[in-house]
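Below: the structure, in structure tokens.
Just so we're on the same page: letters track the sequence lines, and every chain starts at 1.
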2 protein chains.
Amino acid sequence: MVTIDDVAKRAGLSKSTVSRVINDYPHVSIKKKEKVFEAMKELGYVPNSSARSLRNKKTQMIAVLIPRIMNPFFGQLAESMELQAAKHGYQLLICQTMYSKETELKHLELLKMKQVDGMILTSIENEWDVVKEYLSYGPMILCNEFEEEATIPTVKFDQVHGGYVATKHLIRQGHTKIAYCTGGQKSNVGQHRRRGFDLALEEFHLSFDERHGFYDAFSIEDGIRIFKQINQMPDPPTAVFTGSDEVAAGIITGAKEYGVKVPEALAVIGFDNQVITKLMDPKISTVEQPIPFLAKRAVEVMVDRIHHKGNDEEVYEYPLELIIRESTVSPIRAVE
Amino acid sequence: MVTIDDVAKRAGLSKSTVSRVINDYPHVSIKKKEKVFEAMKELGYVPNSSARSLRNKKTQMIAVLIPRIMNPFFGQLAESMELQAAKHGYQLLICQTMYSKETELKHLELLKMKQVDGMILTSIENEWDVVKEYLSYGPMILCNEFEEEATIPTVKFDQVHGGYVATKHLIRQGHTKIAYCTGGQKSNVGQHRRRGFDLALEEFHLSFDERHGFYDAFSIEDGIRIFKQINQMPDPPTAVFTGSDEVAAGIITGAKEYGVKVPEALAVIGFDNQVITKLMDPKISTVEQPIPFLAKRAVEVMVDRIHHKGNDEEVYEYPLELIIRESTVSPIRAVE
DNA sequence: GATATTTTTGAAACCGATTTCAAAAATGAC
DNA sequence: GTCATTTTTGAAATCGGTTTCAAAAATATC
């Protein structure tokens, strides 16, 4: 392995000088600088990153905690963040919690070990009181998920508004019995969406039938299962608000199997605006979350915090936009 | 920051002894061992990972090069690898090349810098002659993609067979004019699939019309575009072999738009067996690649190579399985 | 040309762990 | 209790960089 000492010897200089050249410090004569470059090239020298990290107390790595890569929302978030991090000279360490508290805690240790310069949390499995203990070990920010009482930078979507516009759209289509169907009702993201949902109902003086609440919906399979439950109800809902496009796709798939027409007999709205919304028949109405913007800002804020710029009270909120397609628009039922 | 010296001082011992306890070395009396554990706990000590890496010359990190996370095939591969790597005590550094030669080269430097203990290549953008130069800097293996002349461990699918069974299936359904529609014809994965495709045609004494070859198909949009091209042909194919489920989904979506019936007027077969195949109407016939097995073996081989176990000639090949659904099975056309 | 000032350079300390080597302590054999 | 052997322990070297500090060299000032 070629070390800085080898380069120094070859160039006939001290390693201090070589180090200065590597880091582009001033006070090195052009002659010697060239000698160093020549020696580096001849030997194919590249600085050892562990040694650099140890001395600089910076690893140039940022960890991002996501539930799992194959969740399209988090996958896209991770992809965008990786590209953005690279632009800032950082590696992104993608850590999957797989929805497990223990796994999340294990990943949080990375901050203690100084293996990463900072940590971006996109979901939280443990109680905030547990997670916040790690704040003293390095910069942490929230992205997507959030905590009311957390005093760390937060980059999020306006989930209340997202839940509100989606629900209002369903109501405007003439629906009064709307099912609510999401995963992780514990999360604040989920709670805010629910608040938006409730807000819309209130505005139109509608009430919610608790039997129409499903809080374990994550996947396509969950959507299919839930459709079956809905289909057996004596007084079924005529519309479903879902927390993800996958769940919406599942419900539509289930409906097709049982010959229930979407949107005529059952309107379904998704969330995220994943590609699948444009492929399903009918195309799925949904709420778009501008993920790349969120990712970009999150990485920027993280990099700032690593360099002690910005402050812990920063909160950035991005708007969500309703996208109307076919799965909610029934000519029979339309009010306006 | 709490260091091993702080722990040593607190326990009234030397850091050598503390280090022995941390690494569970023998020859430490039970009494002192307990003292060390107590001190570590009181101080909340965790070893600094950069320091460890520098001294051990091991970072416990493996890099995996993939084109991009949002490509479902590579996303699933990355997800499976991450979980498997964690089991072996390794972090997985997911590096997206975004199909760029330069980005790939930049990531390869990680091996030079000793930032990772090894590298798994799942796709190759540069010429192999360029890539192989990095072999001297650390262990590298191929997973999914492969190179005939490469002398490094390879974990792959039997793509020839995959292309063959899919094509044979189409032929058996009575098709004689089959379009071929993939991305990256440069890759060996693609070439082997094509070989399987050609093999099946030969077997049934069919010829291939070069106007039915599309080699720039990666995404759903590409599929839609290609359908339009096919639809305008004077003598169009009656079946399409595609390199991914997304492209197949795109073609089907395009066909729907133009009122062309799948599979009656156009049979379409996908590749990968992604969830989308079960959601589309018609459900997409496809070739399943057992990604988790591939990922598991790749990580195992990588870990072995890091510990100088195994050898560079290892090649593991996994079979691909045809999955027949609706997009290729037309009652009108069936031969058998 | 002597002196003051600035620029350039290298020796040595340092980052936080692991490992070697030799000394100290404990144990065993008689 | 003495000597040989084994176990336990710590001082110091090491990994490969960066940074400090002081000395050397170059330049400026008069």
Self-check item: Given DNA chain C, 5'-ward residue of the pair A:Arg20 and A:Asn56, judged by closest heavy atom
Solution: A:Arg20

Exercise. Find the distance A:Ile4:CD1 to D:dT18:C1' and express it as a whole number of Å.
Key: 8 Å

Exercise. Nearest whole angstrom, please: distance from the P of D:dG17 to the CE of A:Met1.
Key: 6 Å

Quiz item: Is B:Asn23 touching bases, backbone alone, or none of the nucleic acid, heavy atoms closer than 4.0 Å?
Solution: sugar-phosphate

Exercise. Run the ring-centre check on A:Phe157 versus A:His192 and record whether the distance is less than 6.0 Å.
Key: no

Self-check item: Atom-to-atom span, NZ of A:Lys35 to C1' of C:dT9 - whole angstrom
Solution: 13 Å

Quiz item: Can a donor-acceptor pair under 3.5 Å be found between the side-chain atoms of A:Ser16 and the base atoms of C:dA11?
Solution: yes

Quiz item: Are side-chain heavy atoms of B:Leu105 and B:Tyr134 found at a separation under 4.5 Å?
Solution: yes

Quiz item: For A:Lys57, which contact category applies under a 4.0 Å heavy-atom criterion: base, sugar-phosphate, or nothing?
Solution: sugar-phosphate

Self-check item: Separation of D:dG16 C1' from A:Asn48 CG (nearest whole Å)
Solution: 6 Å

Exercise. Answer with base, sugar-phosphate or nothing: what part of the nucleic acid does A:Ser19 contact at a heavy-atom distance below 4.0 Å?
Key: base

Quiz item: Atom CG of A:Leu54 to atom P of C:dT18: distance rounded to whole Å?
Solution: 12 Å

Practice problem: Calculate the interatomic distance between B:Met40 atom CE and C:dA17 atom P; express it in whole Å. | Solution: 11 Å

Exercise. Take atom OH of A:Tyr45 and atom C1' of D:dG16, then tell me their distance rounded to the nearest Å.
Key: 7 Å

Exercise. Show your working on side-chain hydrogen bond (donor to acceptor under 3.5 Å, both in side chains) between B:Thr151 and B:Asp312 and close with a plain yes or no.
Key: CA-CA 6 Å; B:Thr151 53; B:Asp312 279 340; 5.8 Å; no

Practice problem: Taking the six-membered ring of B:Tyr25 (Phe, Tyr or Trp), confirm whether the NZ or CZ of B:Arg20 is under 6.0 Å from its centre and within 45° of its axis. | Solution: no

Practice problem: Measure distances between side-chain N and O atoms of A:Lys15 and base N and O atoms of D:dG16, and say whether any donor-acceptor pair falls under 3.5 Å. | Solution: no

Practice problem: With heavy atoms under 4.0 Å as the rule, sort A:Thr3 into base, sugar-phosphate or nothing. | Solution: sugar-phosphate

Practice problem: With DNA chain D as reference, determine whether A:Arg52 or B:Gly12 sits nearer its 5' end, using the nearest nucleotide of each. | Solution: B:Gly12

Practice problem: Confirm from the modelled atom types if A:Arg55 and C:dG16 form a donor-acceptor pair under 3.5 Å, side chain to base only. | Solution: no

